[in-house]
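Remember, it's a predicted structure, so these values are computed and weren't measured experimentally. Computed from heavy atoms alone, side chains included, the values below leave out hydrogens, waters and symmetry copies. First the proteins, then the strands, lettered A, B, ... as listed; each starts at 1.
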2 protein chains.
Amino acid sequence: MRASDIERVKGLPLFADVAPDTFRVATAGGHLQRFPAGTMLLLEGDPVDFLYVLLDGQVELHGTWNDHEIVLAILRPVSTFILAAVVLDAAALMSARTLERCEILMIPGDAIRTAMRLDSHFAMAVSRDLAGCYRGLVRNTKNLKLRNSTERLANYLLALRAADNSGGVVRLHHEKRVLASLLGMTPENLSRSFAALQKYGVSVNGAVVTLGSVAALENLAKPDPLIDNHAPRGGDIVADADAEVWLSDLTRAKPR
Amino acid sequence: MRASDIERVKGLPLFADVAPDTFRVATAGGHLQRFPAGTMLLLEGDPVDFLYVLLDGQVELHGTWNDHEIVLAILRPVSTFILAAVVLDAAALMSARTLERCEILMIPGDAIRTAMRLDSHFAMAVSRDLAGCYRGLVRNTKNLKLRNSTERLANYLLALRAADNSGGVVRLHHEKRVLASLLGMTPENLSRSFAALQKYGVSVNGAVVTLGSVAALENLAKPDPLIDNHAPRGGDIVADADAEVWLSDLTRAKPR
DNA sequence: CCGATAGCTTGATCTGCATCAAATTGCTCC
DNA sequence: GGAGCAATTTGATGCAGATCAAGCTATCGG
């Protein structure tokens, strides 16, 4: 593992303020692996032996039932995944599959749990990370239950814009098929939702989406700081909430 | 606070194996309060100053957007809520309202965070609790995205049965209006879904639901241990997963 | 006992989204 | 460059679930 990779791992919220000794214990036995695109890293129901740290590439987390498969999250570097299963030493509830060629650090779950036991500060960092993941899922559930599919797409585009702080042109990070499932719709309806957003100044060209009128789009999308982690907050209370991890990876787009 | 209440708090997974000193620090400044039915305990967006421990009654957690309100979870005693916000010292993402007269222990968030800093075992217990909540939400998301409303109802009934281990008669714990929103549907469609389940031996009389043929119902519901925490597991691996907290309160129905 | 109210059910209708079926675009690999 | 394949878009249709509008039932206070 390159020194620069170690620095990137240390940059994660999970390891950011951790004492060197603890970091050594926590990452003991970790090894870097490369996987081609389309590799199943983990099947739901499998016991989870490692904490995964994605250093390069994209990973999709999905769930299956009754022959249907839905995308639950897409991860981009640098981020960890299946921390909750590691903490509980439990079976995975989601499957993980590489969407591209990936570089992944695999850390034995035992090492993580040992480090937690030895260093309450690290255990607190794990708690904060999990609390952030939890809140990301709460936001996600509200998004799913309160908004229709076009509204979800509109908010997704605004979130992308906020993450990239690009003017009015954003790039989609994933295939539309995958994005559709992440947003809880079919690919056909994602197409139609994009078409419906033309009225609000949105035009699509492959992965490049131009937001002609952010104001009009916001008027439809009604972004809300209690659902969309990027949305402007009323006061300046709760700066800490930025520590949250937005499951759908947008904040991971660039180092924080 | 009665001694019996303290015992009940100690019975929570969060406090179960905690040293007496730590328990004292963690619950310092906690005070018991009684609230009438229909009281707003917390409004989404509010800063969260306390960890809430529900000792008696029922509490609903809900979210709002654009004049719509949806139920995210219903809590029954004994359980804690908004731990994630306490850990991050952040604003609440959900509102909390009493559904009945309630008895609630309110513990200052500072005390919890201090206890975590002092005792890595307690910090680990917090991590485990949060990991369980997180996994509950993952299950919930899979339930929402993979199943239709009748399937969700069918699985809910089977989960109730498993929690009460009642033969074939279960009691609904909540008003149907509330249950409908929890399951992601309208009250009208909950009625129709109950009607649709008649074919599978389900009959309803007020809050009392009779499952005439569990086999037929399971055939429709296809319960899955990776979505429904009560469902039978294949092997006997991962006994630890039982430590999970199923957000929608079913496992809380009786002391564990 | 009776009227009032809230919760629930039933029916009719409408909408959003899924599904099925092509047609089209874009990409990869010879 | 072009064949071949996958991804996306577009169109037609059907169904699940929302909405709107009555009716019904149960509970409660008088």
Going 5' to 3' through nucleotides 22-29 of chain D and flagging B where a protein heavy-atom sits under 4.0 Å of the base, S where only the sugar-phosphate is that close, and - otherwise, we get --------
Between [X] (side chain) and [Y] (backbone), is there a donor-acceptor pair under 3.5 Å?
{"X": "B:S181", "Y": "B:I70", "value": "no"}
{"X": "B:E218", "Y": "B:A215", "value": "no"}
{"X": "A:W65", "Y": "B:K145", "value": "no"}

I need the [atom1]-[atom2] distance between [X] and [N], as an integer number of Å.
{"X": "A:R177", "N": "D:dA7", "atom1": "CZ", "atom2": "P", "value": "5 Å"}
{"X": "A:R147", "N": "D:dA18", "atom1": "CZ", "atom2": "P", "value": "18 Å"}
{"X": "A:H174", "N": "D:dA6", "atom1": "NE2", "atom2": "C1'", "value": "19 Å"}
{"X": "A:K176", "N": "D:dT10", "atom1": "NZ", "atom2": "P", "value": "10 Å"}
{"X": "B:L183", "N": "D:dG17", "atom1": "CG", "atom2": "P", "value": "12 Å"}
{"X": "B:R152", "N": "D:dA16", "atom1": "CZ", "atom2": "P", "value": "13 Å"}
{"X": "A:H68", "N": "D:dA16", "atom1": "NE2", "atom2": "C1'", "value": "14 Å"}
{"X": "A:Q198", "N": "D:dT9", "atom1": "CD", "atom2": "P", "value": "11 Å"}

Nearest heavy-atom neighbours spanning B:I227 and B:R139: O-CB, 3.1 Å
Kindly give the heavy-atom pair with the smallest separation between B:N155 and B:A221, and that separation in Å. ND2-O, 2.9 Å
If the threshold is 4.0 Å, N to carboxylate O, is there a salt bridge linking [X] and [Y]?
{"X": "A:E44", "Y": "B:K142", "answer": "yes"}
{"X": "A:E103", "Y": "A:R2", "answer": "yes"}
{"X": "A:R147", "Y": "A:D224", "answer": "no"}

Axis-to-axis angle between the two ends of the helix from C:dC1-D:dG30 to C:dC30-D:dG1 (five base pairs per end, rounded to 10 degrees): 40°
Indicate yes or no: at least one non-hydrogen side-chain atom of B:V204 is less than 4.5 angstrom from one of B:K176. yes
Using a cut-off of strictly less than 4.0 Å between a heavy atom of the residue and any atom of DNA chain D, enumerate the qualifying residues of residues 185-197 of chain A by number. A:E188, A:S191, A:R192
Nearest listed nucleotide, side chain of B:E175, among C:dG7, D:dT9, D:dA7: C:dG7
Taking the ring centre of each residue, are B:Y156 and B:H230 less than 6.0 Å apart? no
Pair B:Y134 and A:Y134, ring centroids less than 6.0 Å apart: no
For A:T150, which contact category applies under a 4.0 Å heavy-atom criterion: base, sugar-phosphate, or nothing? nothing
